[in-house]
Amino acid sequence: MNPLALTIFLLSLAIGTTITLSSYHWLLAWVGLEINTLAIIPLMTKIPHPRAIEAATKYFLTQAAASALVLFSSLINAWQTGEWNIDSISHLPMNALSIALMMKLGLAPLHFWMPEVLQGISLSTGLILSTWQKIAPMTLLLQTSHLINLDLTIILGLTSILVGGWGGISQTQLRKIMAFSSIGHLGWMIIILKFNPSLTLFNFIFYVIMTASMFFSLMAISATKMSEISTSWSKTPTLTASTLLILLSLAGLPPLTGFAPKLLITLELVKQSATLLAALVMLASLLALFFYLRLTYVISLTLPPNSPNSFSSWRTSTKTPSITAVTNTLALIFLPITPTLLIFL
């Protein structure tokens, strides 16, 4: 892609998200969401492949439907209350608006576009779709968290955790596995949204760090299928080892970064007298744990035939990109800094 065109599209992504983040008016928030959607479509189709065109079409149709519902809900609210402010929204439009934003995020049962779209695009565009594109809808949900329907968040959150686990178990394509991982993590965030929005934001920050580091690692070892990561150990042992640990961090195992959000959300649910819900969430997340552990098994305990016994070649021939090294470090050792981060949130 032309560097100038790429710069324009990336700047448009940044501007769209910034407009949504800084807006107090529903129409401005909608404009930001639309700029975001339109800016990523050329990035999806930069490789002219039928799968990429199909992915871009599916993404456009679902995002356009969700944006139309956002605009429709805000119009109904303006008609009922006479206000366009994000904070002042009545009950009925709020339910429709929440569903629209959750559709933009890819929460179950509105998730069907997410694995298909992510599978059809490159890893670099998949990184943007899984992290940056989630910021604007998540911010709008956080801003309206005090008005959101509790039953809706619990049902969609629990469904997303279950679907994220069930869907990922049968996959061999890494991009689809990351899509179902994203759905599961978003389920954790939404389930606690009404109880404690700060924890949702905290979880979202950690999700972005861990998902970005996973995508950077997959880009560094050029792997999109499970069979490709099984042969990466003999080529880049250090990077493969950090990828293995990031998978365990995404699974939420202590003492890695991903353990902190799951622990704090579970404690908050118990504190809110939702012990049964906390138990269900933890049991549902065991499904996701299975496919993360299966990936770590494939990476570390399977060795392809004809692999060299000596690892002397990788010491000089392979170098880990700086951004990958930074995100991998954050994705692994952020747990001790958690109390400090919570003070600021």
Side-chain angles (χ1 to χ4, degrees), residues 13-14 16-18 20-22 32-33 36 101-102 104-107 114 126-146 148 153 157 160-161 164 178-217 242-243 245-269 281 285 288 292 322-345:
L13 279 173
T17 305
T18 308
T20 305
L21 260 64
S22 57
L33 291 170
N36 249 5
L101 292 172
M102 288 172 188
K104 277 190 166 291
L105 286 169
L107 279 155
M114 181 78 180
L127 165 67
I128 297 169
L129 182 65
S130 300
T131 53
W132 187 262
Q133 291 296 89
K134 308 283 186 198
I135 294 173
M138 183 58 77
T139 307
L140 290 174
L141 279 176
L142 284 167
Q143 283 180 285
T144 55
S145 60
H146 59 290
I148 208 164
T153 58
S160 297
I161 296 167
M178 288 307 296
F180 283 110
S181 165
S182 172
I183 292 164
H185 277 92
L186 287 165
W188 277 88
M189 293 175 220
I190 294 302
I191 215 160
I192 202 71
L193 180 65
K194 183 77 172 176
F195 296 115
N196 193 336
S198 298
L199 267 185
T200 300
L201 178 59
F202 173 75
N203 196 347
F204 183 68
I205 291 166
F206 276 26
Y207 158 78
V208 168
I209 291 167
M210 291 186 293
T211 306
S213 62
M214 189 65 203
F215 271 101
F216 281 129
S217 298
S242 66
T243 307
L245 289 171
I246 291 161
L247 282 166
L248 294 177
S249 183
L250 280 164
L253 294 180
L256 302 168
T257 301
F259 175 64
K262 286 185 168 59
L263 173 69
L264 292 168
I265 287 171
T266 308
L267 288 173
E268 182 66 27
L269 287 172
V281 165
S285 64
Y292 288 125
S322 303
I323 184 97
T324 310
V326 171
T327 52
N328 286 8
T329 307
L330 289 174
L332 297 177
I333 60 162
F334 228 123
L335 186 65
I337 313 169
T338 298
T340 312
L341 193 61
L342 281 171
I343 290 168
F344 291 106
L345 293 176

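Keep in mind it's a predicted model, so treat the numbers as computed, not measured. Numbering starts at 1 and runs along the sequence shown. Just so it is clear, the values below take in all heavy atoms, side chains as well, and ignore hydrogens, waters and symmetry mates.
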> Would you call Ile265 and Val281 a side-chain contact if the rule is heavy atoms closer than 4.5 Å?
Replying inline: no

> OH/Tyr292 to OG/Ser249 distance, rounded to the nearest 0.5 angstrom?
Replying inline: 9.5 Å

> Among Thr200, Leu201, Val208, which residue meets the side chain to side chain contact (heavy atoms under 4.5 Å, CB included) test with Met138?
Replying inline: Thr200

>> Give me the atom names and distance for the closest heavy-atom approach of Gly106 to Ile183.
In response: O-CG1, 3.4 Å

> What's the shortest heavy-atom distance between Asn203 and His185, and which atoms?
Replying inline: ND2-O, 4.4 Å

>> What's the separation between atom OG in Ser182 and atom NZ in Lys134, rounded to the nearest 0.5 Å?
In response: 4.0 Å

>> Any heavy-atom pair between the side chains of Leu127 and Gln133 that's under 4.5 Å?
In response: no

>> Checking Tyr207 against Thr131: is there a side-chain donor and acceptor pair closer than 3.5 Å?
In response: no

> Of all heavy-atom pairs between Ile161 and Ser285, which one has the smallest distance, and what is that distance?
Replying inline: CG2-N, 3.8 Å

>> A side-chain contact here means heavy atoms from C-beta on lying under 4.5 Å apart; do Ile246 and Thr327 qualify?
In response: no

> Taking all atoms of both residues into account, what is the closest heavy-atom pair of Glu268 and Phe195, and its distance?
Replying inline: OE2-O, 4.3 Å

> Where is the tightest heavy-atom contact between Ala14 and Thr18, given as atom of each residue plus distance?
Replying inline: O-OG1, 2.6 Å

> Distance only, no hydrogens: is a donor on one side chain within 3.5 Å (strictly under) of an acceptor on the other, for Asn36 and Thr20?
Replying inline: no

>> Restricting to non-hydrogen atoms, name the atom on Lys104 and the atom on Pro137 that form the minimum distance, rounded to 0.1 Å.
In response: CB-CG, 4.0 Å

> Who passes side-chain contact (heavy atoms from CB on, under 4.5 Å) against Phe259, sequence neighbours left out?
Replying inline: Pro254, Leu263, Leu335

>> Would you compute the distance between atom NZ of Lys262 and atom CD1 of Ile192 and round it to the nearest 0.5 angstrom?
In response: 13.0 Å

